[in-house]
Amino acid sequence: MTRYNPRESEPKWRARWAEADIDRAGDPDTPGQDNYYVLEMFPYPSGRIHVGHSRNYAMGDVVARYKRAKGYNVLHPMGWDAFGLPAENAARERGIHPRNWTLDNIKVMRAQLKRLGLALDWSREIATCEPDYYKHQQAIFLKFFEKGLVYRHKANVNWDPVDQTVLANEQVVDGRGWRSGAIVVKRDLDQWFFKITDYADSLLDGLDTLERWPEKVRVMQRNWIGRSRGARIIFPFVEPEDVQRFGTEGIEVFTTRPDTLFGASFLALAPDHDIVRTLGDEDPSIDAFADYCRRTGKTQEEIEKAPKRGVDLGVKVRHPFDKEWEIPVWAANFVLSTYGTGAIFGSPAGDQRDLDFARKYDLPVTPVVLPDGESPDNYQIDDTAYTGDGTIYNSRFLDGLNTHDAIEAATEKLESLKLGEGATTYRLRDWLVSRQRYWGCPIPIIHCPDCGAVPVRETELPVALPEDVSFDEPGNPLDRHDSWKSVDCPKCGTAAKRETDTLDTFVCSSWYFLRFTAPWREDIPFEADTAAQWLPVDQYVGGVEHAILHLLYARFFTRALHDCGLINLPDGEPFAGLFTQGMVTHETYKSTDGRWLLPTDVENRAGQKVEIATGNPVETGPIEKMSKSRKNVVDLDDFIEDFGADAVRWFVLSDSPPERDVEYTDGGVDGVWRFIQRVWALIENHPGHAPRPDLPVGDVGGEALDLRRAAHRALNDVSSGIEGFRFNTAVAHIHDFVNALRKLALDTNKPENLAARSEALGLLAQMLAPFMPHLAEEAWEQIGGEGMLAKRAWPEANKALLVENSVTIAVQVNGKRRDEINLAVGADKDVAETAALATEGAVRALEGLTVRKVIVVPGRIVNIVAT
RNA sequence: GCGGGUGUGGCGGAACUGGUAGACGCGCCAGACUCAAAAUCUGGUGUCCCUAGGACGUGUCGGUUCGAGUCCGACCACCCGCACCA
């Protein structure tokens, strides 16, 4: 008996697949063949791939191989999200050009991915840092520009002081830059924006159609877009001089609760509201307050703990429904300038923040919503606001209405008074896309002193990144590159300057799945018709960390591209099915002096983990997601060298459900290795007889029939496991089947036994193929299978073999299991009842009781009810 | 605070529309082979009383049902996301 040797088999089969060119996607026009687009989020070429990364690709590959076997024309491409800051950091730290660093990494990682045996169409490989990719992106940018979807605007934006660039709102987490972790500061800068807010409604409503997306991701996007319906209301100034001073008739607020207008006791403005700024110039105490608010921390706890604070601005406004009713205007630290109009009216009885504020500064609290079951005479608000529905009172013409009707009535009244209107506000802001970095896609704009921002002529594209740049001083090298920067204005010919900002790398990833549909087209980014045939991506697989970022931007892009006439995708959804996979975790290790240690630096000596180099004991830390920074990674090449690519693939798909994390353990890996060798032992010991999956049912009986049943049941379970993205249970069913094969050692001298066993082993190879393609091919060849397994159609389970002819069912007495009976399938209820009552267990349990009723569920259970 | 999710053996996890809880894997125990160990193979492995057998058992409490891990109500714990969003 020999051992299966992946080091020999795996390269052999990869060479044969490549030779046969089996992974190339067919023409999407192919008659009689449905298209299927499966895609894993493409990687950033950061260095090397570890076992943690491989899970994502393994899942996509199971789907790709399975769908191919099911007869689909599968598109399964791979590329590189190749622009980004780490390349510039490497340049700065090690003096390597970002381009070389990136291309070297791609080379290494491509070889690693190939070693995994993924059924990828490498003929479509793209890298976003190549001019033949980003020139199309520049053309798209100009289309958006033409269409009014791009604009330049001076705004108070997020500045990451470590990465030395601005960031989009989506890229600021807890007040820190998503990549650097530095605390973000606000700066007023002229920046480029994409008008994603134009699509707020479409992006929100579209979420309801994405049935094959995780609910969690949809909810996150819904919250991020944050649509609120309500009203904008103008509170006119009391003093005519205020109208002069502030240049408006009054103060505009946004509210979702115009029904509580009669509970208004103050207006509150954001500390950086224009009116507050104007007043701050005159009044030092107001300026001091605004300054205090700016300095307050931005982290969760700080915001939560920060008490409500405000300052009376000394300005008064009139109530929109009562000219005589004057309301004081305050500045308050809890009002956000970035939401709504940066101003609110405080209705303390119905809003906790307003109530806290009113109590602190002794402002009136008038309840206007009466909860059901409360009496208006003794209902009071203490320290808890009532935010629910109820009946409006203390509110003149709104009295007696329910919350919903009162909102409508109040809004109508505001509209008739021309002091307000129904309005919708979003939390979503336009996407800030300019970055003050070198290693990104140049923005194809020229700034002319006379003509302003002028698009680069399309024939001049790409605006290529200059290669001769230096990173020895901070800032953007493009900014210092005079010969690159200096150009003539395309419109008037006067001396002008190129835009030196580059595009956010999330722009690159917003359309790469379209480029994959026709990467050979140099003249256009993609063919509208071909792209529409492949899109939407049928199955997208990636990490949940992109729930808002990439997945929202891409949904915007497909909509914008449709509106620009570049693609025909009416509903605008790029990804029909989304799966967010769990991570691979691993224990962490720290040396006595606090250094993180690689698993390969650690070994077990007498039950204790020690650092190999020093022999010192190792502190075992928590189990965390594999990451370079914690060093709890297992390098893919090391693993493949030891156990083979099939073993990694099998391991990361076993045990845990795909959406949950899976822990890497040496024990688990040993189990995989054992399993592979057991499979191989079965294959090797087979006397050799070509598989015949078309064996008629009636040909065999006895144990051979049992084996056939096990095989077809496994096939059925594995198929439905793959279809339902339950790879762990599919793996378990294969295990089960292998156990059955090992147990049912049929005498293969009998032809019917040999036939049944050949069939079973053939089916085993086919079932294994999506998971462990190399081993499966080797097995298929060994047992004399015809052709290459990768080209074979997925077998259909024989329905007749899925039904048992007898079934064991439980016998319960009063709901407790007492015995079991074996019955023919389809046996009569009376037969079941009689048999159940006669069982030893039932008789014992029924002693001294009278049978009242017998419930028979055919094929499932018999329950005897007795007292 | 709001939203989403998860609670099942020593561990990861199975269980289709309510019908034999614990599939499969890891670990552990025993045995075989071996001078021995590793590897491999065989058997066992929810807890308790341990005798055929029985009692208990899916986060807690209650309900519906002949029957509940699954359905309903109330809670508890943990994880993730958002967060002064008017």
Side-chain angles (χ1 to χ4, degrees), chain A residues 1 3 173-174 214-224 226-228 230 253-257 260 268 270 300 303-304 306-308 332-336 338-347 350-354 356-357 387 425-428 544-545 547-548 585 650-651 654-657 659-663 665-675 677-678 681 717 720 724 726 728-739 742 808-821 840-841 844-845 852-866:
Chain A
M1 186 182 117
R3 303 206 116 199
V173 182
D174 289 350
E215 180 61 15
K216 178 190 172 124
V217 174
R218 294 197 285 169
V219 167
M220 282 166 74
Q221 291 210 2
R222 207 170 281 138
N223 292 341
W224 184 261
R227 177 163 68 192
S228 298
V253 306
F254 174 75
T255 182
T256 55
R257 297 294 303 273
T260 65
Q300 287 178 27
I303 289 167
E304 216 166 273
K308 302 279 174 288
N333 62 347
F334 67 93
V335 182
L336 303 172
T338 52
Y339 186 78
T341 63
I344 59 153
F345 79 87
S347 194
D351 185 288
Q352 193 57 47
R353 293 155 304 176
D354 296 352
D356 293 345
F357 192 77
T387 56
T425 292
Y426 303 88
R427 208 184 85 114
L428 180 72
V544 74
E545 67 273 16
I548 311 189
T585 61
W650 189 256
F651 179 83
S654 302
D655 293 344
S656 273
E659 67 277 13
R660 269 196 239 174
D661 290 350
V662 62
E663 192 196 342
T665 59
D666 291 339
V669 175
D670 291 344
V672 171
W673 183 248
R674 220 160 22 229
F675 175 73
Q677 297 307 336
R678 278 180 195 159
D717 292 340
S720 69
R726 294 183 306 269
N728 56 322
T729 57
V731 163
H733 284 123
I734 295 177
H735 265 286
D736 225 5
F737 176 41
V738 167
N739 290 343
R742 280 151 54 83
T808 304
I809 67 172
V811 177
Q812 295 183 335
V813 175
N814 290 332
K816 287 190 199 293
R817 185 185 170 282
R818 294 298 172 190
D819 214 321
E820 58 185 34
I821 50 177
E840 221 177 290
R844 191 164 40 231
R852 302 288 173 197
K853 198 162 132 191
V854 179
I855 289 147
V856 181
V857 184
R860 294 229 184 255
I861 207 158
V862 178
N863 189 12
I864 302 159
V865 186

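Reminder, nothing fancy here: chain letters follow the sequence lines and each chain counts from 1. Being a predicted model, the structure only gives us computed values, none of them experimental.
A/Arg726 comes within contact range of no nucleotide atom at all, as no heavy-atom separation falls under 4.0 Å. A/Arg844 comes within 4.0 angstrom of the backbone, heavy atoms only, and of no base. No engagement by A/Pro214 is indicated, since no non-hydrogen atom pair under 4.0 Å with the nucleic acid exists. Within the nucleic acid shown, A/Ser654 has no heavy atom closer than 4.0 Å to any nucleic acid atom. Residue A/Val335 is classed as a base contact, given a heavy-atom separation below 4.0 Å to a base. Here A/Gly667 lies in heavy-atom contact (under 4.0 Å) with sugar-phosphate atoms only.
Note: A/Phe675 and A/Trp650 have parallel aromatic rings, judged against thresholds of 30 and 60 degrees for the angle between ring planes.
Atoms CZ (A/Arg218) and C1' (B/G81) sit 16 Å apart, rounded to a whole Å. In this entry the distance linking NZ of A/Lys816 with C1' of B/C66 reads 13 Å, nearest Å. A/Arg742 places its CZ atom 9 Å from the P atom of B/G43, with the value rounded to the nearest Å. Here B/C80 presents its P atom at 14 Å from CD of A/Glu545, a figure rounded to the nearest Å. The nearest whole Å value for the distance from the CZ atom in A/Arg257 to the P atom in B/C85 is 14 Å. The CZ atom of A/Arg3 sits 16 Å away from the P atom of B/A38 (whole-angstrom rounding). When the P atom of B/C2 is taken as reference, atom CD of A/Gln352 falls 12 Å away, rounded to whole Å. Here the P atom of nucleotide B/U6 and the NZ atom of A/Lys216 are 11 Å apart, to the nearest Å.
Using atom P as the reference point in both B/C71 and B/A14, the two lie 16 Å apart (nearest Å). Comparing B/G59 with B/A77, their C1' atoms are spaced 7 Å from each other, to the whole Å. Taking atom P in both B/A39 and B/C26, the straight-line distance is 13 Å, to the nearest Å. Comparing B/G19 with B/C29, their P atoms sit 37 Å apart, to the nearest whole Å. On the C1' atoms, B/A52 is 39 Å away from B/U17, given to the nearest whole Å. Comparing the C1' positions of B/G46 and B/A15 gives a spacing of 16 Å, expressed to the nearest Å. Comparing the same atom, C1', in B/G7 and in B/G57 gives a spacing of 15 Å after rounding to whole Å. Rounded to the nearest Å, the gap between the P atom of B/C61 and that of B/G12 is 22 Å.
Inter-residue side-chain proximity for A/Trp673 and A/Arg3 is flagged as met; some heavy-atom pair is nearer than 4.5 Å. A/Thr808 has its side chain out of reach of A/Ile821: every pair of non-hydrogen atoms, C-beta onward, lies at least 4.5 Å apart. Residues A/Ile344 and A/Phe254 form no side-chain contact, since every pair of their non-hydrogen atoms from C-beta on lies 4.5 Å or further apart. Annotation: side chain of A/Asp655 is not in contact with side chain of A/Val731 (no heavy-atom distance under 4.5 Å). A/Gln221 places none of its side-chain heavy atoms less than 4.5 Å from the side chain of A/Val219. The side-chain heavy atoms of A/Arg427 and A/Ser228, taken from C-beta on, include no pair separated by under 4.5 Å.
Close to B/C79, at under 4.0 Å from its OP1 or OP2, lies no side-chain N or O of A/Arg660. Side-chain N/O atoms of A/Arg818 include one lying less than 4.0 angstrom from OP1 or OP2 on B/G54.
Under the 3.5 Å distance criterion, the side-chain polar atoms of A/Asp717 are left unmatched by any main-chain donor or acceptor of A/His733.
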Writing each nucleotide of RNA chain B 5' to 3' as (, ), [, ], | or . by Watson-Crick or G-U pairing under 3.5 Å yields (((((((..(((......[....)))((((((.......))))))((((...))))..(((((..]....))))))))))))....
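A pairwise comparison of heavy atoms in A/Ser654 and A/Val662 identifies O-CG2, 3.9 Å as the closest pair. When all heavy atoms of A/Val335 and A/Ala270 are compared, the closest pair comes out as O-CB, 3.4 Å.
Position along RNA chain B of the nearest nucleotide to A/Thr256 versus A/Ile548 favours A/Ile548 as the more 5'-ward residue. Summary of the strand contacts: A/Asp354 and A/Trp673 both lie near RNA chain B, and taking for each the nucleotide with the nearest heavy atom, the more 5' one is attributed to A/Trp673.
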Nucleotide-resolved protein contact map, nucleotides 17-25 of chain B, B/S/- at heavy-atom distance under 4.0 Å: B-BB--BSS
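Anti is the classification of B/G27, since its glycosidic angle lies more than 90° from 0.
Among A/Ile861, A/Val865, A/Asp819, the single residue meeting the side-chain contact (heavy atoms from CB on, under 4.5 Å) criterion with A/Gln812 is A/Ile861.
One can find a donor-acceptor pair under 3.5 Å joining the base of B/C84 and the side-chain atoms of A/Lys308.
Relative to the ring axis of A/Phe357, A/Lys308 does not place its NZ or CZ within 45° and under 6.0 Å from the centre.
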